[in-house]
Amino acid sequence: MRKRTLLLATALTTGLLTALPAQAATAAPAGGPTADFNGDGYGDVAFAAPYAKVDGQGMAGYVAVVYGGATGLDPAKRTVVSQNTAGVPGAAEAEDTFGDALAVADLNGDGYTDLAAGSSGEDVGTDTDGGSVTVLWGSASGLKNGTTIKDPAVSGHDHWGRLLTTGDFDGDGKADLAVGTGSSHVYVVRGPFTTTGTSGAARKIGTPETAYSVDAMDAGDTNADGRSDLVLTYRVRLNEDGTGSWSKGVAYLGTPTGPDTSVPRPLNGGTSLALGDINGDGYDEIALGNVFSKEDDHSGSLGGQVVVIRGSEGGPVNGDAPMAELTQDSEGVPGGDEAGDGFGGAVSIGDTNGDGYGDLAIGVVFEDVSTTEDTGATVLMNGSATGVSRTGARTFTQATAGVPGSAEAMDYFGSDVLLADLTKDGRAEFTITAGFEDEGVGALTTLRGSATGPVTDGARSFGPGSLGQTRSYGAFGTGLIG
């Protein structure tokens with residue numbers, strides 16, 4: 001693996017370029033997880049530029065929402081928020097990285113989707129990098145104002161808000177918020193939340209064994225009991241001398257008291273996560289992407305892999321027979337398994353053609369296209385009654401006819417992917433981040449869903465300038481969620 005590729009892969013695992021996969025509070029609807037911040041019935045997309053300069057403060061960061069409509073995303077209809085925005089707590093300061101984790105749900109039960117934004121580099125008083133979490137509230141006019149979510153253990157960790165996801169873990173009809181830190185623990189804060197800052201109690205959740213970090217976190221309903229299940233991947237030391245690492249995973253099923261940690265469900269490891277119903281049986285599958293090779297991660301593969309775990313009445317079915325184990329050498333997967341490709345750097349599940357089966361989008365963030373190094377690619381695998389189909393898979397790059405832009409070295413097209421219905425037609429659009437487009441500025445591309453899946457006709461692409469922001473290094477498109 002090339003050295004710079006390994007560095008970027010490491011960045012992916014810490015949530016700097018990829019969406020931390022907090023996509024669905026409950027089972028994904030047919031078109032994919034959908035956020036509606038302004039209540040107009042169309043799905044919206046949120047993302048961040050956590051490295052962007054704000055009012056002269058480097059890496060202060062901002063978050064943005066682009067609203068959906070009958071023709072898809074329209075950058076002219078947007079809300080851009082930083083910690084210098086009126087009504088938002090705090091102030092934009094250097095290296096806060098506001099928006100480096102995002103999650104969506106209707107947290108106060110008013111019918112509008114809200115956006116939780118982590119700022120893991122925030123200094124809190126004298127606590128350097130203590131981190132913060134802010135909820136930006138949805139309304140008829142879109143995102144408006146914000147409220148800080150209290151850290152229940154300020155002295156127990158740093159980087160509060162490094163990971164976020166939402167779900168109704170206790171089945172009481174109120175969305176809860178799971179928050180990761182710089183340590184190996186996660187806190188679940190029970191809903192409902194209010195604009196004045198009140199919420200339910202926070203509960204600390206640990207990994208099943210000694211770990212030094214949590215790589216990824218998501219939620220969904222793997223057993224269709226109406227309660228969200230919490231899925232984590234975490235990293236443990238491989239050797240007794242502290243060298244090497246091994247990524248592992250675990251699912252905690254939802255119960256009336258929240259995630260059940262007494263019977264953890266062991267899973268494959270990974271650096272990205274998504275949940276959704278691929279085979280149409282009503283149970284969410286778990287897709288785990290892992291960009292690392294076995295040289296760098298005991299649970300990895302040559303050019304990256306994606307393992308899909310089947311949902312069932314009893315929860316995730318792992319054992320020795322996952323629904324699918326995919327590399328670019330697997331049957332029906334386009335491309336070839338080459339060292340350092342980063343296959344699985346991002347994953348998302350949604351129904352792009354309206355057939356009732358969730359399709360699987362995979363980012364191949366370091367893929368070379370012809371002789372262009374690390375330009376990046378995406379692969380879309382169809383869902384079917386038997387799971388991930390091995391027929392009809394498609395590859396999209398910036399060299400694909402009809403996709404805006406051009407394939408340039410180190411664009412990292414596919415550094416994040418999202419399948420979500422933005423046009424209210426029951427077919428998910430395919431939105432893709434190129435995290436380092438134009439030497440680190442970043443850009444988004446959206447392909448319309450259709451009866452045949454994503455099409456390039458009418459594809460749209462935009463960057464910071466389309467939102468009235470300065471075009472500068474910022475990793476625009478990080479944390480893509482909808």
Side-chain angles (χ1 to χ4, degrees), residues 1-21 213 215-216 233 235 238 243-247 268-274 287-307 324-348 360-381 393 395-400 405-417 432-440 442 475 477-478:
M1 179 181 280
R2 294 179 293 271
K3 288 186 178 179
R4 71 166 180 278
T5 301
L6 178 56
L7 288 173
L8 257 295
T10 302
L12 283 164
T13 69
T14 54
L16 301 181
L17 291 182
T18 191
L20 294 167
S213 70
D215 282 345
T233 64
R235 195 159 293 277
L238 183 58
T243 62
S245 64
W246 187 357
S247 180
N268 295 74
T271 55
S272 64
L273 271 173
L288 302 112
N290 191 344
V291 298
F292 285 114
S293 70
K294 285 191 179 295
E295 177 183 338
D296 303 300
D297 182 343
H298 182 73
S299 55
S301 64
L302 179 64
Q305 68 175 352
V306 176
V307 175
E325 294 181 273
L326 305 171
T327 73
Q328 286 186 286
D329 276 352
S330 299
E331 178 188 355
V333 180
D337 189 22
E338 301 166 321
D341 276 352
F343 181 81
V347 288
S348 184
L360 174 63
I362 303 169
V364 196
V365 64
F366 309 123
E367 182 83 68
D368 297 345
V369 175
S370 186
T371 59
T372 306
E373 190 175 81
D374 291 349
T375 184
T378 61
V379 170
L380 185 73
M381 307 285 292
T395 297
F396 295 94
T397 75
Q398 288 181 296
T400 301
S406 58
E408 301 167 318
M410 297 180 68
D411 276 350
Y412 305 132
F413 185 78
S415 53
D416 210 345
V417 294
I432 305 159
T433 297
F436 262 52
E437 179 86 21
D438 294 337
E439 299 182 348
T478 296

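Just so it is clear, the structure is predicted and the values come from calculations on it, not from any experiment.
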So if I apply the side-chain contact (heavy atoms from CB on, under 4.5 Å) rule between Val365 and each of Phe436, Phe413, Tyr412, which one comes out positive? Tyr412

Using side-chain heavy atoms (C-beta onward) and a distance below 4.5 Å, is Leu360 in contact with Leu326? yes

Would you confirm whether Thr433, through its side chain, and Ser415, through its main-chain N or O, come within 3.5 Å as a donor-acceptor pair? no

Is there a side-chain contact between Asp374 and Asp368 in this structure, where contact means two heavy atoms from C-beta onward sitting under 4.5 Å apart? yes

Determine whether a donor-acceptor pair (N or O, by modelled atom type, separation under 3.5 Å) exists between the side chain of Glu325 and the backbone of Val306. no

Using every non-hydrogen atom in the two residues, find where Gly332 and Ala393 come nearest and quote the distance to one decimal. O-CB, 3.3 Å

Check: Asp337 side chain, Gly303 main-chain N or O, donor-acceptor pair, under 3.5 Å: yes

Using side-chain heavy atoms (C-beta onward) and a distance below 4.5 Å, is Glu367 in contact with Thr397? no

Using the side-chain contact (heavy atoms from CB on, under 4.5 Å) rule, pick out the option among Leu302, Asp341, Ile362, Thr395 that qualifies with Gln328. Asp341

Is the backbone of Glu408 close enough, under 3.5 Å, to the side chain of Thr375 for a donor and an acceptor to pair up by distance? yes

Working to the nearest 0.5 angstrom, can you tell me the gap between Thr327 OG1 and Glu338 CD? 11.0 Å

Closest non-hydrogen atom pair, Ala346 against Gly414: CB-O, 4.0 Å

Taking the side chain as every heavy atom from C-beta outward, state whether Gln305 and Asp329 have any pair of such atoms under 4.5 Å apart. no

To the nearest 0.5 Å, what is the distance between OG (Ser272) and CG (Asp416)? 9.0 Å

So, Ser247 side chain and Gly269 main chain: donor-acceptor pair closer than 3.5 Å or not? no

